[in-house]
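Quick one: structure below, then a few questions.
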Amino acid sequence: WCASWHTMKKVLTHTTTYLVFILSILFFPCAVFASVRISEIMYDPPSGDTNHEWIEIQNDSDTEVDISGWKLFENNGNHTLTLLSGVTSIPAHGFAIIADNATTFQSDWPTFAGTLFDSAFSLSNTGETISIKDSSGNIADEATYSSASGASGDGNTLSGSESVWVSAIPTPGNEPSTEQSNDNNENSDDTGNDTAETDNNTNAENVSTITGVEDLSTIKNKKKITAK
(Lines give C-alpha, C1' and ligand atoms only; values in the text may rest on other atoms or scores of the structure.)
Protein backbone atom coordinates (compact mmCIF):
# COMPACT_ATOMS: atom_id res chain seq x y z
CA TRP A 1 0.00 0.00 0.00
CA CYS A 2 2.86 2.35 0.86
CA ALA A 3 4.51 1.67 -2.49
CA SER A 4 1.26 2.40 -4.34
CA TRP A 5 0.77 5.67 -2.44
CA HIS A 6 4.34 6.75 -3.21
CA THR A 7 3.81 6.07 -6.91
CA MET A 8 0.48 7.94 -6.90
CA LYS A 9 2.09 10.89 -5.14
CA LYS A 10 4.77 11.16 -7.84
CA VAL A 11 2.12 11.05 -10.56
CA LEU A 12 0.09 13.80 -8.86
CA THR A 13 3.20 15.97 -8.46
CA HIS A 14 4.12 15.71 -12.13
CA THR A 15 0.51 16.32 -13.18
CA THR A 16 0.28 19.45 -11.02
CA THR A 17 3.55 20.81 -12.45
CA TYR A 18 2.29 20.22 -15.98
CA LEU A 19 -1.03 21.95 -15.27
CA VAL A 20 0.73 24.99 -13.78
CA PHE A 21 2.92 25.24 -16.90
CA ILE A 22 -0.12 25.09 -19.19
CA LEU A 23 -2.02 27.68 -17.16
CA SER A 24 0.95 30.04 -17.14
CA ILE A 25 0.99 29.98 -20.94
CA LEU A 26 -2.76 30.51 -21.23
CA PHE A 27 -3.19 33.26 -18.67
CA PHE A 28 0.22 34.97 -18.71
CA PRO A 29 1.26 35.01 -22.38
CA CYS A 30 3.19 38.24 -22.05
CA ALA A 31 5.66 36.54 -19.73
CA VAL A 32 6.46 34.05 -22.50
CA PHE A 33 6.07 36.04 -25.69
CA ALA A 34 6.98 39.56 -24.54
CA SER A 35 9.35 41.36 -26.90
CA VAL A 36 10.44 44.83 -25.85
CA ARG A 37 13.22 46.24 -28.00
CA ILE A 38 15.22 49.43 -28.37
CA SER A 39 13.85 51.14 -31.49
CA GLU A 40 15.30 54.68 -31.63
CA ILE A 41 18.31 56.47 -30.14
CA MET A 42 18.96 60.20 -29.81
CA TYR A 43 22.60 60.02 -28.73
CA ASP A 44 24.00 63.31 -30.04
CA PRO A 45 21.36 66.08 -29.96
CA PRO A 46 22.22 69.25 -31.90
CA SER A 47 21.28 71.32 -28.83
CA GLY A 48 23.88 69.55 -26.69
CA ASP A 49 24.06 66.19 -24.94
CA THR A 50 23.16 67.17 -21.38
CA ASN A 51 19.44 66.66 -20.63
CA HIS A 52 18.49 66.22 -24.30
CA GLU A 53 19.33 62.54 -24.95
CA TRP A 54 16.60 59.92 -25.11
CA ILE A 55 15.90 56.31 -26.09
CA GLU A 56 12.70 54.87 -27.49
CA ILE A 57 11.58 51.31 -26.75
CA GLN A 58 8.83 49.37 -28.51
CA ASN A 59 6.67 46.45 -27.47
CA ASP A 60 6.70 44.13 -30.49
CA SER A 61 4.34 41.58 -28.96
CA ASP A 62 0.58 41.25 -29.33
CA THR A 63 -0.08 41.83 -25.63
CA GLU A 64 0.79 44.66 -23.25
CA VAL A 65 3.98 44.42 -21.22
CA ASP A 66 4.43 45.93 -17.76
CA ILE A 67 7.99 47.24 -17.43
CA SER A 68 7.78 48.17 -13.75
CA GLY A 69 11.19 47.70 -12.17
CA TRP A 70 13.00 47.55 -15.50
CA LYS A 71 16.35 49.29 -15.96
CA LEU A 72 18.50 50.79 -18.68
CA PHE A 73 22.03 49.38 -18.71
CA GLU A 74 24.55 51.85 -20.13
CA ASN A 75 28.20 52.72 -19.46
CA ASN A 76 28.56 49.72 -17.11
CA GLY A 77 25.71 50.88 -14.90
CA ASN A 78 22.04 50.08 -14.33
CA HIS A 79 19.86 53.18 -14.53
CA THR A 80 16.47 53.27 -12.80
CA LEU A 81 13.38 54.21 -14.81
CA THR A 82 10.95 56.59 -13.11
CA LEU A 83 7.54 57.04 -14.68
CA LEU A 84 6.72 60.69 -15.41
CA SER A 85 3.68 60.36 -17.68
CA GLY A 86 1.52 57.54 -19.00
CA VAL A 87 1.45 54.05 -17.47
CA THR A 88 4.11 51.41 -16.87
CA SER A 89 2.39 48.92 -19.17
CA ILE A 90 3.32 49.38 -22.83
CA PRO A 91 0.40 48.35 -25.08
CA ALA A 92 0.81 45.84 -27.89
CA HIS A 93 3.08 47.35 -30.55
CA GLY A 94 3.22 50.54 -28.51
CA PHE A 95 6.15 52.77 -27.54
CA ALA A 96 7.71 54.41 -24.51
CA ILE A 97 10.47 56.99 -24.13
CA ILE A 98 13.35 56.88 -21.65
CA ALA A 99 14.86 60.36 -21.31
CA ASP A 100 17.94 61.47 -19.42
CA ASN A 101 15.80 64.41 -18.33
CA ALA A 102 12.09 63.90 -18.83
CA THR A 103 11.19 67.52 -18.11
CA THR A 104 13.58 68.78 -20.78
CA PHE A 105 12.26 66.13 -23.17
CA GLN A 106 8.72 67.47 -22.72
CA SER A 107 10.02 70.94 -23.52
CA ASP A 108 11.85 69.70 -26.62
CA TRP A 109 8.85 67.63 -27.77
CA PRO A 110 5.74 69.46 -26.50
CA THR A 111 3.35 67.39 -28.66
CA PHE A 112 4.49 64.07 -27.19
CA ALA A 113 1.67 62.49 -25.19
CA GLY A 114 2.87 58.92 -24.67
CA THR A 115 4.55 57.01 -21.88
CA LEU A 116 7.64 58.80 -20.60
CA PHE A 117 10.27 57.58 -18.14
CA ASP A 118 12.87 59.74 -16.47
CA SER A 119 16.36 58.34 -15.95
CA ALA A 120 20.00 59.46 -15.64
CA PHE A 121 22.49 58.49 -18.34
CA SER A 122 24.95 59.92 -20.84
CA LEU A 123 25.22 58.24 -24.24
CA SER A 124 28.54 58.11 -26.04
CA ASN A 125 28.81 60.31 -29.13
CA THR A 126 31.02 57.75 -30.86
CA GLY A 127 28.99 54.64 -30.05
CA GLU A 128 28.44 51.99 -27.40
CA THR A 129 26.29 49.02 -26.40
CA ILE A 130 23.15 49.64 -24.35
CA SER A 131 20.50 47.25 -23.10
CA ILE A 132 17.11 47.06 -21.43
CA LYS A 133 16.79 44.71 -18.45
CA ASP A 134 13.60 43.37 -16.90
CA SER A 135 12.83 43.40 -13.18
CA SER A 136 14.77 40.14 -12.73
CA GLY A 137 17.90 41.54 -14.36
CA ASN A 138 17.47 39.60 -17.59
CA ILE A 139 18.38 41.41 -20.82
CA ALA A 140 15.20 42.04 -22.83
CA ASP A 141 17.07 43.71 -25.68
CA GLU A 142 20.59 44.90 -26.44
CA ALA A 143 21.66 47.43 -29.07
CA THR A 144 25.06 48.48 -30.39
CA TYR A 145 25.28 51.75 -32.29
CA SER A 146 28.07 53.81 -33.84
CA SER A 147 28.41 57.40 -35.06
CA ALA A 148 29.45 55.88 -38.40
CA SER A 149 25.74 55.14 -38.93
CA GLY A 150 24.93 58.85 -38.84
CA ALA A 151 22.80 61.12 -36.64
CA SER A 152 25.91 62.76 -35.24
CA GLY A 153 24.75 66.16 -34.05
CA ASP A 154 22.67 66.82 -37.20
CA GLY A 155 19.20 66.60 -35.66
CA ASN A 156 18.57 63.01 -36.74
CA THR A 157 18.24 59.88 -34.62
CA LEU A 158 19.24 56.27 -35.23
CA SER A 159 16.28 54.00 -35.92
CA GLY A 160 16.44 50.22 -36.18
CA SER A 161 17.23 47.30 -33.94
CA GLU A 162 20.19 45.37 -32.52
CA SER A 163 23.21 46.42 -34.63
CA VAL A 164 21.40 47.62 -37.78
CA TRP A 165 20.73 51.35 -37.53
CA VAL A 166 19.89 54.08 -40.04
CA SER A 167 19.83 57.84 -39.66
CA ALA A 168 16.34 59.37 -39.90
CA ILE A 169 14.25 62.25 -38.59
CA PRO A 170 13.17 61.80 -34.94
CA THR A 171 9.78 60.17 -34.34
CA PRO A 172 9.52 59.69 -30.56
CA GLY A 173 6.55 57.48 -29.72
CA ASN A 174 5.74 56.72 -33.36
CA GLU A 175 6.76 54.39 -36.17
CA PRO A 176 10.25 55.21 -37.51
CA SER A 177 10.67 57.46 -40.53
CA THR A 178 12.81 56.76 -43.59
CA GLU A 179 13.45 60.45 -44.20
CA GLN A 180 16.35 62.51 -42.91
CA SER A 181 16.18 65.88 -41.20
CA ASN A 182 15.72 68.90 -43.48
CA ASP A 183 18.74 70.47 -41.81
CA ASN A 184 21.02 68.29 -43.91
CA ASN A 185 19.17 69.03 -47.15
CA GLU A 186 19.17 72.75 -46.47
CA ASN A 187 22.87 72.68 -45.74
CA SER A 188 23.49 70.75 -48.94
CA ASP A 189 21.43 73.26 -50.95
CA ASP A 190 23.25 76.19 -49.40
CA THR A 191 26.59 74.58 -50.15
CA GLY A 192 25.54 74.03 -53.74
CA ASN A 193 24.38 77.64 -54.10
CA ASP A 194 27.58 78.96 -52.57
CA THR A 195 29.64 76.84 -54.95
CA ALA A 196 27.63 78.07 -57.93
CA GLU A 197 28.04 81.70 -56.85
CA THR A 198 31.77 81.21 -56.42
CA ASP A 199 32.06 79.67 -59.88
CA ASN A 200 30.07 82.53 -61.43
CA ASN A 201 32.17 85.15 -59.68
CA THR A 202 35.37 83.43 -60.79
CA ASN A 203 34.16 83.28 -64.39
CA ALA A 204 33.18 86.95 -64.28
CA GLU A 205 36.61 87.90 -62.98
CA ASN A 206 38.27 85.87 -65.73
CA VAL A 207 36.16 87.56 -68.41
CA SER A 208 36.92 90.94 -66.91
CA THR A 209 40.64 90.20 -66.94
CA ILE A 210 40.61 89.06 -70.56
CA THR A 211 38.61 92.11 -71.62
CA GLY A 212 41.06 94.31 -69.81
CA VAL A 213 44.01 92.83 -71.73
CA GLU A 214 42.23 93.32 -75.06
CA ASP A 215 41.44 96.97 -74.26
CA LEU A 216 45.05 97.65 -73.30
CA SER A 217 46.26 96.13 -76.59
CA THR A 218 43.85 98.30 -78.56
CA ILE A 219 45.08 101.43 -76.79
CA LYS A 220 48.72 100.59 -77.59
CA ASN A 221 47.89 100.06 -81.30
CA LYS A 222 46.13 103.41 -81.42
CA LYS A 223 49.18 105.10 -79.94
CA LYS A 224 51.43 103.52 -82.60
CA ILE A 225 49.16 104.75 -85.39
CA THR A 226 49.14 108.25 -83.97
CA ALA A 227 52.95 108.26 -83.71
CA LYS A 228 53.30 107.37 -87.37
Side-chain angles (χ1 to χ4, degrees), residues 30-31 33-46 49-62 64-84 86 88-102 104-105 108-109 112 114-181:
C30 63
F33 303 109
S35 177
V36 175
R37 67 178 184 85
I38 298 170
S39 52
E40 189 172 359
I41 306 172
M42 172 62 87
Y43 71 94
D44 190 7
D49 295 346
T50 305
N51 298 331
H52 297 279
E53 296 177 340
W54 51 270
I55 297 168
E56 179 192 78
I57 57 177
Q58 181 181 15
N59 173 15
D60 270 348
S61 70
D62 293 328
E64 68 175 19
V65 178
D66 188 349
I67 63 171
S68 299
W70 287 37
K71 296 182 184 298
L72 169 68
F73 183 79
E74 180 269 338
N75 194 25
N76 296 319
N78 289 310
H79 307 288
T80 302
L81 309 183
T82 303
L83 183 67
L84 187 72
T88 57
S89 293
I90 305 177
H93 306 289
F95 299 88
I97 296 295
I98 303 172
D100 72 330
N101 188 303
T104 301
F105 176 86
D108 291 342
W109 304 93
F112 179 82
T115 297
L116 175 62
F117 290 91
D118 185 65
S119 191
F121 56 87
S122 180
L123 300 175
S124 170
N125 285 350
T126 57
E128 63 175 310
T129 297
I130 58 178
S131 59
I132 296 294
K133 294 183 178 182
D134 64 20
S135 56
S136 299
N138 301 312
I139 295 178
D141 188 41
E142 186 174 84
T144 299
Y145 72 90
S146 168
S147 57
S149 298
S152 182
D154 58 6
N156 291 316
T157 57
L158 291 181
S159 295
S161 61
E162 297 178 354
S163 59
V164 181
W165 298 94
V166 294
S167 176
I169 61 174
T171 57
N174 295 287
E175 291 292 337
S177 172
T178 57
E179 299 179 1
Q180 287 195 335
S181 171

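No experiment lies behind these values; they were computed from the predicted model shown.
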State, to 0.1 Å, how close Pro170 and Pro172 come at their nearest heavy-atom pair, and which atoms those are.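 Smallest heavy-atom distance, with atoms named: C-CD, 3.5 Å.
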Side chains of Val166 and Leu158: does their closest heavy-atom pair fall under 4.5 Å?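 A side-chain contact is absent here, since even the closest heavy-atom pair is not under 4.5 Å.
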Hey, what do you get for CD (Glu53) to OG (Ser119), rounding to the nearest 0.5 Å?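 Here the rounded value is 11.0 Å.
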Does some side-chain heavy atom of Asp141 sit less than 4.5 Å from a side-chain heavy atom of Ile57?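 No, their side chains stay 4.5 Å or more apart.
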Please walk me through it: do Thr129 and Glu74 pass side chain to side chain contact (heavy atoms under 4.5 Å, CB included)? CA-CA 7 Å; Thr129 297; Glu74 180 269 338; over 6 Å; no
How long is the gap from CG on Asp118 to CD1 on Ile98, to the nearest 0.5 Å?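 Going from the CG atom of Asp118 to the CD1 atom of Ile98 covers 10.5 Å.
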Side-chain heavy atoms of Trp109 within contact of Ile97, under 4.5 Å: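 A side-chain contact is absent here, since even the closest heavy-atom pair is not under 4.5 Å.
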Is there a donor-acceptor contact under 3.5 Å linking the side chains of Ser68 and Thr88?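 Result is yes, a qualifying pair exists.
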Between CG on residue Leu123 and CD1 on residue Ile41, distance to nearest 0.5 Å: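 That separation rounds to 7.5 Å.
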From Trp70 CH2 over to Asn138 CG, what is the distance, rounded to the nearest 0.5 angstrom?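 Atom-to-atom, Trp70:CH2 and Asn138:CG are 9.5 Å apart.
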Using the side-chain contact (heavy atoms from CB on, under 4.5 Å) criterion, which residues pair with Ser131? Sequence neighbours excluded.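 Here the qualifying residues are Phe73, Lys133, Ile139, Glu142.
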Closest contact, heavy atoms only, Met42 versus Gly155: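 Shortest heavy-atom contact: CE-O, 4.1 Å.
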Could you pull out all residues at least two apart from Asp60 that satisfy salt bridge (charged side-chain N to carboxylate O under 4.0 Å, His left out)?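 Listed in chain order: Arg37.
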Knowing that exactly one of Asn101, Thr104, Asp100, Asp108 qualifies, which makes a side chain to side chain donor-acceptor pair (under 3.5 Å) with His52?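 Exactly one candidate clears the test, Asp108.
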For a ring-ring contact (aromatic ring centres under 6.0 Å, His included) with Tyr43, tell me which candidate from Trp165, Phe121, Tyr145 qualifies.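 Testing Tyr43 for a ring-ring contact (aromatic ring centres under 6.0 Å, His included) against Trp165, Phe121, Tyr145 leaves exactly one candidate, Tyr145.
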Close side-chain approach of His93 and Glu175, heavy atoms under 4.5 Å: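 They are not in side-chain contact.
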From CA spacing to verdict: side chain to side chain contact (heavy atoms under 4.5 Å, CB included), Ile90, Thr115: CA-CA 8 Å; Ile90 305 177; Thr115 297; 5.5 Å; no
Stepwise side chain to side chain contact (heavy atoms under 4.5 Å, CB included) check, Leu72 with Ile132: CA-CA 5 Å; Leu72 169 68; Ile132 296 294; 3.9 Å; yes
Partner set under ring-ring contact (aromatic ring centres under 6.0 Å, His included) for Phe112, not counting sequence neighbours: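 Partners of Phe112 by the ring-ring contact (aromatic ring centres under 6.0 Å, His included) criterion, ordered by chain and then number, come out as Phe105.
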For Phe117, all residues meeting ring-ring contact (aromatic ring centres under 6.0 Å, His included), sequence neighbours excluded: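 Listed in chain order: nothing, the list is empty.
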Any side-chain heavy-atom pair of Gln58 and Val36 under 4.5 Å: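 Heavy-atom side-chain distance check fails, nothing below 4.5 Å.
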Kindly say whether Gly127 contributes a backbone atom to a donor-acceptor pair with the side chain of Ser124 at under 3.5 angstrom?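 Answer holds: yes.
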Assess the residue pair Thr157 and Thr171 against the criterion (side chain to side chain contact (heavy atoms under 4.5 Å, CB included)); give the C-alpha distance rounded to whole Å, side-chain angles, the decisive distance to 0.1 Å, and a yes or no. CA-CA 8 Å; Thr157 57; Thr171 57; 6.0 Å; no
Among all residues two or more places apart in sequence or in another chain, which pass the side chain to side chain donor-acceptor pair (under 3.5 Å) test with Ser159?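 With sequence neighbours excluded, Ser159 shows a side chain to side chain donor-acceptor pair (under 3.5 Å) to no residue whatsoever.
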Note, Asp49 side chain near Asp44 side chain (heavy atom, < 4.5 Å):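 In contact.
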Nearest-0.5 Å distance, CG of residue Asp134 to NZ of residue Lys71: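 So the gap between those two atoms works out to 11.5 Å.
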According to side chain to side chain donor-acceptor pair (under 3.5 Å), who are the partners of Asn174, at least two apart in sequence or on a separate chain?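 Applying side chain to side chain donor-acceptor pair (under 3.5 Å) to Asn174 gives none.
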Please find the pair of heavy atoms, one from Asp154 and one from Ser167, that lie closest to each other, and give the distance.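 Residues Asp154 and Ser167, closest heavy atoms: OD2-OG, 4.5 Å.
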So, for Glu128 and Ser122, which heavy atoms are closest and what is the spacing to 0.1 Å?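 Closest approach of Glu128 to Ser122, heavy atoms only: OE2-O, 4.0 Å.
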